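Taking it in order: structure first as structure tokens, then the write-up.
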Amino acid sequence: MEENAGMTISQTEQQRRLGLMLSCLLGVLLFFMAFYSTYHLLAEVDASDLTVHLDWVKEQDKWSMLTALLTGRDRLWHACVWLINRLGVSMVYAGCLVTAGSVEAVYLIYNALFKRMLSWLDRRVIPWASLTLCLVSSIFMPWYTVQIYRANSSLNVWHNPTQLMVRPFALIAFWMTVRIYRRLREGDGWTNRAFESRWEIVAYAFVLMLTVWAKPSFAQAFIPALAILMIVDLVRSRGKAFLFCFKVACAYIPAAVLMLMNLLSNFGSDSSSGIEIALLDVWSHSTKNIPLSILLLFAFPLFVFIVDWKRLLPSVEGQLSLSNLAVAVVMKAALAETGSRRYHGNLSWSYGLAAVFVWFLAMRSFLDMMFGNRLTGKKYTVVAVVGWTLLAMHLLTGIIYYIKIVSGEILF
């Protein structure tokens with residue numbers, strides 16, 4: 001018995017060390033990929049969003065940058081690049097470092113979440129799962145989609161710095177919300193206790209503000225999505241959940257104010273563009289078949305949600321992610337900018353962010369089914385064959401997407 005125990009401990013420690021080494025190696029690989037693609041787009045491709053944003057950084061000084069942040073403008077990436085540039089790093093390399101750092105942060109957050117939620121999982125699996133989530137894209141069908149990104153969108157992009165910047169903060173905000181909201185759902189009765197301490201309130205409100213400073217697209221869809229959940233629970237509890245919901249809502253006030261200021265500065269009376277209702281106008285401009293485009297982006301998550309709906313749908317994270325996706329879909333389908341930026345798709349970024357949460361939940365559930373002994377026999381075989389096949393198709397497209405970008409094709 002003692003020998004077996006010693007072997008088990010040794011094997012566990014070996015797995016942990018190998019997992020740590022693998023996590024570092026894949027993390028370095030991803031950082032290099034993000035750094036290289038950013039350098040390519042900044043130095044060689046004039047049509048890149050990165051080039052436009054870098055030009056904005058060059059026009060800013062410390063006071064105009066501070067003013068932009070205080071008025072809710074999405075200038076967090078610009079402020080970080082500006083600061084690193086002032087430390088002696090060239091502007092291009094500063095942009096590469098901040099962008100690659102944002103991508104790497106998402107990878108590290110995935111690693112941390114998987115380790116926490118699937119603590120029993122082999123540590124050698126987690127880095128591969130995290131890297132896969134950082135690379136997957138909508139399934140590429142050459143006879144249908146001419147451009148991988150523009151037609152179907154993606155949870156991973158390489159060309160837009162503000163979208164890359166907001167993702168790590170959005171992931172943190174999402175899971176902080178899940179943790180807080182579980183206190184209402186999983187406690188006895190309808191608790192009024194929303195936060196463990198004042199520091200938690202401050203941290204939560206600050207992370208939400210960071211998401212707006214990085215890019216307001218997260219808050220634009222997430223605040224209404226959370227409001228939907230709160231309304232449902234207020235009805236279910238016959239008003240008993242009001243104090244809990246009120247406390248959570250108060251934490252959103254600073255972020256909501258910043259977001260409102262951002263919208264007014266971008267689409268106010270002094271702006272050359274505005275927002276109007278134009279059902280499917282912008283979306284149909286970039287794709288021939290909207291339902292098929294949605295399916296190509298969500299084929300793997302949809303399959304997992306269908307198979308594991310009994311666990312995913314009743315959970316706080318499942319309901320919150322789907323509510324957020326529903327709001328993002330409505331925004332993408334119903335709203336359009338007026339003016340020259342109408343078909344730039346700037347109101348579609350929330351859709352890509354919503355995909356991040358749905359995809360993570362699907363990957364977590366799939367790993368649980370594949371390695372957690374939850375399924376056996378024919379059901380396991382079917383889920384494994386279909387699931388791994390769909391995931392491989394998404395991953396292959398993501399790799400092709402990256403290769404095409406760094407080889408000089410404009411895919412955005």
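These figures come from a predicted structure and were not determined experimentally. Along the sequence shown, the residues carry numbers beginning at 1.
Inspection of the S137 and N156 side chains reveals no N or O donor paired with an N or O acceptor under 3.5 Å. A side-chain donor-acceptor contact under 3.5 Å links W77 and T99.
Under a 4.0 Å N-O distance rule, the pair R179/E196 does not qualify as a salt bridge. Of the charged side-chain nitrogens involved, at least one lies within less than 4.0 Å of a carboxylate oxygen, so that R342 and E276 count as a salt-bridged pair. By the 4.0 Å N-to-carboxylate-O rule, E200 lies close enough to R183 to be salt-bridged with it.
Here H344 pairs with nothing under the ring-ring contact (aromatic ring centres under 6.0 Å, His included) rule; sequence neighbours left out. By the ring-ring contact (aromatic ring centres under 6.0 Å, His included) test, F303 is found to be paired with no residue, residues two or more places apart in sequence or in another chain being considered. Listed by chain and residue number, F366 satisfy the ring-ring contact (aromatic ring centres under 6.0 Å, His included) test with W388 (two or more places apart in sequence, or in another chain). Partners of Q60 by side-chain hydrogen bond (donor to acceptor under 3.5 Å, both in side chains), not counting sequence neighbours, listed by chain and number: S64.
In this structure, W120 places its CH2 atom where more than 12 heavy-atom neighbours from other residues, nucleotides or ligands lie under 6.0 Å away. Residue-environment remark: OH (Y39) stays at or below the threshold of 12 foreign heavy atoms within 6.0 Å. For CG of D55, the number of neighbouring non-hydrogen atoms (other residues, nucleotides, ligands) closer than 6.0 Å is greater than 12.
Q319 contributes a side-chain N or O that, together with a main-chain N or O of L313, makes up a donor-acceptor pair within less than 3.5 Å.
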Side-chain atoms of residues 291-299: list all donor-acceptor pairs with protein atoms under 3.5 Å, sequence neighbours left out, distances to 0.1 Å.
| unit_1 | atom_1 | unit_2 | atom_2 | d |
| --- | --- | --- | --- | --- |
| S293 | OG | Y144 | OH | 3.0 |
| S293 | OG | N152 | OD1 | 2.9 |
| S293 | OG | T287 | OG1 | 2.4 |
| S293 | OG | N289 | O | 3.1 |

Counting only pairs under 3.5 Å, give me each side-chain donor-acceptor contact of residues 226-234, with atom names and distances, residues two or more places apart or in other chains.
| unit_1 | atom_1 | unit_2 | atom_2 | d |
| --- | --- | --- | --- | --- |
| D233 | OD1 | R185 | NE | 3.1 |
| D233 | OD1 | R236 | NH1 | 2.5 |
| D233 | OD2 | Y181 | OH | 2.6 |
| D233 | OD2 | R185 | NE | 2.9 |
| D233 | OD2 | R185 | NH2 | 3.2 |

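Between Y252 and Y204, the gap from one ring centroid to the other is short of 6.0 Å.
Nearest heavy-atom pair across V89 and L97 is CG1-CD1, 4.3 Å. The shortest non-hydrogen separation linking S217 to W349 is OG-CB, 3.3 Å.
Atom-to-atom distance recorded for L361:CG and S321:OG is 4.5 Å, nearest 0.5 angstrom.
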